Asker: 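Sharing a structure here in structure tokens format.
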2 protein chains.
Amino acid sequence: MYRTNAAAPGGANLPSLRSHNTALVLDLLRTAGADGISRLELAERTGLTPQAVSKITARLRAEGLATEAGRRASTGGKPRTVLRLVPDAGHAIGVHLDRDELRAVLVDLDGTVTGERRVPVDLGAGADAVVEAVVRETGRLVADGTESGRLSEVRTLLGVGVALPGPLDHDRGVLHRVTGFPEWDGFPLRDALARRLGVPVVVDKDTNAAALGLAVGGERGSFVYVHLATGLGAGLVLGGTVHRGARTGAGEFGHQVVQLDGPPCPCGNRGCLEALCLAALDHGDLPGAARVLGVGAANLAALLDIDRVLLGGRTVARAPEVFVRGVAAVLDARARREGAPDGAVPVTLAPAGARGVAHGAAQLLLAPIFGHPNG
Amino acid sequence: MYRTNAAAPGGANLPSLRSHNTALVLDLLRTAGADGISRLELAERTGLTPQAVSKITARLRAEGLATEAGRRASTGGKPRTVLRLVPDAGHAIGVHLDRDELRAVLVDLDGTVTGERRVPVDLGAGADAVVEAVVRETGRLVADGTESGRLSEVRTLLGVGVALPGPLDHDRGVLHRVTGFPEWDGFPLRDALARRLGVPVVVDKDTNAAALGLAVGGERGSFVYVHLATGLGAGLVLGGTVHRGARTGAGEFGHQVVQLDGPPCPCGNRGCLEALCLAALDHGDLPGAARVLGVGAANLAALLDIDRVLLGGRTVARAPEVFVRGVAAVLDARARREGAPDGAVPVTLAPAGARGVAHGAAQLLLAPIFGHPNG
DNA sequence: TGCACTTTGGCAACAGCGTTGCGAAAGTAG
DNA sequence: CTACTTTCGCAACGCTGTTGCCAAAGTGCA
């Protein structure tokens with residue numbers, strides 16, 4: 001399986017060149033999905049010569065990652081042959097560990113969910129119990145997949161991605177003080193799971209996983225995924241890649257202060273977005289909560305100049321239109337006042353729904369194959 | 001002169017591989033400065049083999065970009081030969097266009113300022129007058145440089161970088177509504193200057209230029225440069241590169257809302273950082289202004305997880321310690337409350353001083369040579 | 001039906017990249 | 001002076017994408 005030359009401190013050699021171009025072609029094949037894409041189109045999109053694309057796709061076909069799938073209509077000459085990704089050539093499991101629920105999905109190379117499990121879980125029950133639950137559920141997903149013939153070989157399982165509420169250290173796979181569950185502080189979740197599962201494991205914040213899932217799912221450029229459930233967080237995608245920051249702690253959207261000397265927040269600060277938002281929700285004031293969210297989103301949009309704001313999470317799902325409209329109203333008003341030439345940043349509902357985080361967690365393993373090192 | 005393969009949509013070929021590695025080596029040579037760096041050290045730092053480094057440095061020496069400069073002490077065998085960048089092999093001019101002053105600097109490859117001019121200018125006097133002033137001052141810089149023997153050939157002038165208050169379109173080099181001077185809206189400054197000067201011109205916001213200058217000057221990782229003068233803005237460097245966002249408008253720090261329903265700002269919003277900050281300054285309340293700045297910086301640090309906050313600009317220069325201490329106090333307090341394992345994000349004064357923006361503007365032309373495409 | 005034309009896409013030869021094997025150069029240590 | 005270590009370039013090499021060329025597979029017109 002192809003991986004980018006991650007270890008090198010920057011120097012590039014021929015193998016890394018090859019990996020890069022192969023990943024590029026694979027990414028285009030994935031994006032094309034079931035429609036497929038022709039060799040010549042691949043050449044145009046990558047900037048490579050047709051002959052180079054022929055060589056690369058020949059390798060991919062020999063390794064079972066790509067296949068020919070029909071032809072296009074002729075435009076006066078030999079018709080183009082359509083190439084397609086072979087989705088079953090690789091799988092990954094994405095696990096969404098929420099405060100009260102575990103959701104695991106089996107995902108193939110092109111992002112299709114081919115298996116899913118949901119069980120209640122208590123994050124407060126301690127590390128051993130939770131690790132055990134993850135091992136059990138991923139095991140069942142693999143068993144089901146093998147039985148149905150989808151996971152024909154164990155080797156096609158690339159690894160397991162785990163997404164859960166932060167803060168945590170993505171690089172080392174170690175949890176910090178998961179809000180509300182101090183006993184998790186310092187637990188090396190990635191290594192503990194990798195030892196038990198025997199496959200690579202990647203750990204990330206739920207918001208980052210969801211944002212990665214959206215980026216892989218076709219959302220281009222820079223955007224923010226705002227997640228409102230028991231807490232408030234954000235996943236940032238800047239220029240197509242998830243921005244995690246120096247200590248992989250970026251996205252602390254909930255504790256942005258937007259009211260100097262405002263009401264106190266459990267985090268110790270005053271006037272945090274999360275505190276104001278949750279307070280409004282407690283009063284049943286959804287539009288008020290949306291407006292507060294909008295102020296935060298508008299700040300973020302101005303600071304980072306993003307293309308889009310995507311909303312998700314359980315609370316948003318309860319009244320999607322109220323939140324989308326409320327947040328958009330704040331952004332529109334600000335754009336009008338500032339006379340933005342292209343209008344306001346659009347606000348939409350994250351399309352993946354309740355499965356978004358688990359799906360994105362699986363992409364933590366799949367994305368590197370397509371040339372997105374850390375997503 | 002080496003340039004990265006910018007036009008390609010992602011596909012890499014052998015020339016682009018070569019450019020990449022050459023730029024990498026040049027960047028290390030530049031970073032090493034007058035001390036120089038040995039071939040073996042270059043090999044270790046890049047991950048390339050010693051032989052590859054020998055070939056690359058041989059090319060660089062043949063083209064006059066690098067030279068041998070002494071040897072290190074032996075460690076039991078043949079002593080390492082030290083290589084050094086030839087600073088005079090290339091120059092760039094950086095122009096800082098402020099509301100009332102034009103500052104232009106001539107900078108060589110390793111960032112040393114070898115010529116400087118300062119003249120009063122009125123941005124409100126219209127485009128023609130300002131363009132004329134830039135043409136005149138850059139011309140004099142070149143004339144002085146040629147006379148002193150530094151600019152031995154005209155070909156060593158790579159181009160002119162112009163930095164001025166935003167907002168503007170960096171990609172196209174077109175100004176938007178420069179705050180306070182609506183007549184500039186839509187003026188194609190880059191093309192107008194390039195036609196008159198006959199060399200490449202790059203236009204950017206003053207804050208971005210300063211941030212780029214700091215990044216090139218050795219500031220690693222992710223940081224924010226906060227500029228407080230007649231207005232308030234920020235330049236973001238994320239993972240070593242300047243973040244400009246989708247429409248190159250990122251860094252709108254001044255109009256971050258931190259007080260819902262706060263005092264009105266000329267921009268039309270309420271409770272903007274800039275409004276609060278300038279109001280405090282009007283009352284002579286520097287610590288108050290610093291505190292407001294600190295709240296904004298803390299929000300940004302939490303959102304983006306940056307390594308450092310750097311302060312600059314005329315107002316900061318008037319009482320540097322008050323601002324550094326005031327901003328740091330807010331960040332420290334928040335870090336303590338949240339129990340950040342590594343402590344608070346450090347706050348320091350931007351080292352480049354009043355010349356920072358002009359120096360950074362020159363780096364807009366130099367950075368691509370060292371593998372930083374847009375800085 | 002047959003011929004001319006267009007377009008696709010693979011084979012073979014090629015240029016250029018970093019890599020490997022090896023030896024000359026230039027020091028230190030005894 | 002000898003033995004050893006370390007640096008560093010020459011030559012041969014393997015592999016990359018590129019170029020030149022030609023067979024295959026269509027369309028369109030006579």
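Remember, it's a predicted structure, so these values are computed and weren't measured experimentally.
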Asker: Pick base, sugar-phosphate or nothing for B:S38, based on heavy-atom distances below 4.0 Å to the nucleic acid.
Answerer: nothing

Asker: What is the per-nucleotide protein-contact pattern of nucleotides 12-20 of chain D, from the 5' end, where B denotes a base atom under 4.0 Å from a protein heavy atom, S denotes such proximity for sugar-phosphate atoms only, and - denotes neither?
Answerer: --BBBBBB-

Asker: Charged N to carboxylate O below 4.0 Å: is that the case for A:R244 and A:D204?
Answerer: yes

Asker: On the nucleotide D:dG9, are OP1 or OP2 found under 4.0 Å from the side-chain N or O atoms that B:R39 carries?
Answerer: yes

Asker: Quick one, A:L29 and A:L83 - any side-chain contact, counting heavy atoms below 4.5 Å?
Answerer: yes

Asker: For A:R39, is there an ion pair with A:E68 - N to carboxylate O distance below 4.0 angstrom?
Answerer: yes

Asker: With side chains defined as the heavy atoms from C-beta onward, is the minimum distance between B:V86 and B:L109 less than 4.5 Å?
Answerer: no

Asker: Could you tell me the separation between the CZ atom of A:R72 and the P atom of D:dT27, rounded to a whole number of Å?
Answerer: 16 Å

Asker: First and last nucleotide of DNA chain C touching chain A, 5' to 3', heavy-atom cut-off 4.0 Å?
Answerer: C:dT6 to C:dT19

Asker: Under 4.0 Å between a side-chain nitrogen and a carboxylate oxygen: does that hold for B:D35 and B:R84?
Answerer: no

Asker: Between B:R30 and B:D110, does at least one N-O distance fall below 4.0 Å, as a salt bridge requires?
Answerer: no

Asker: Below 4.5 Å, heavy atoms only, C-beta onward: do B:L365 and B:V160 meet side chain to side chain?
Answerer: no

Asker: Work out which heavy atom in B:V203 is nearest to a heavy atom in B:H170; give both atom names and the distance.
Answerer: O-ND1, 2.8 Å

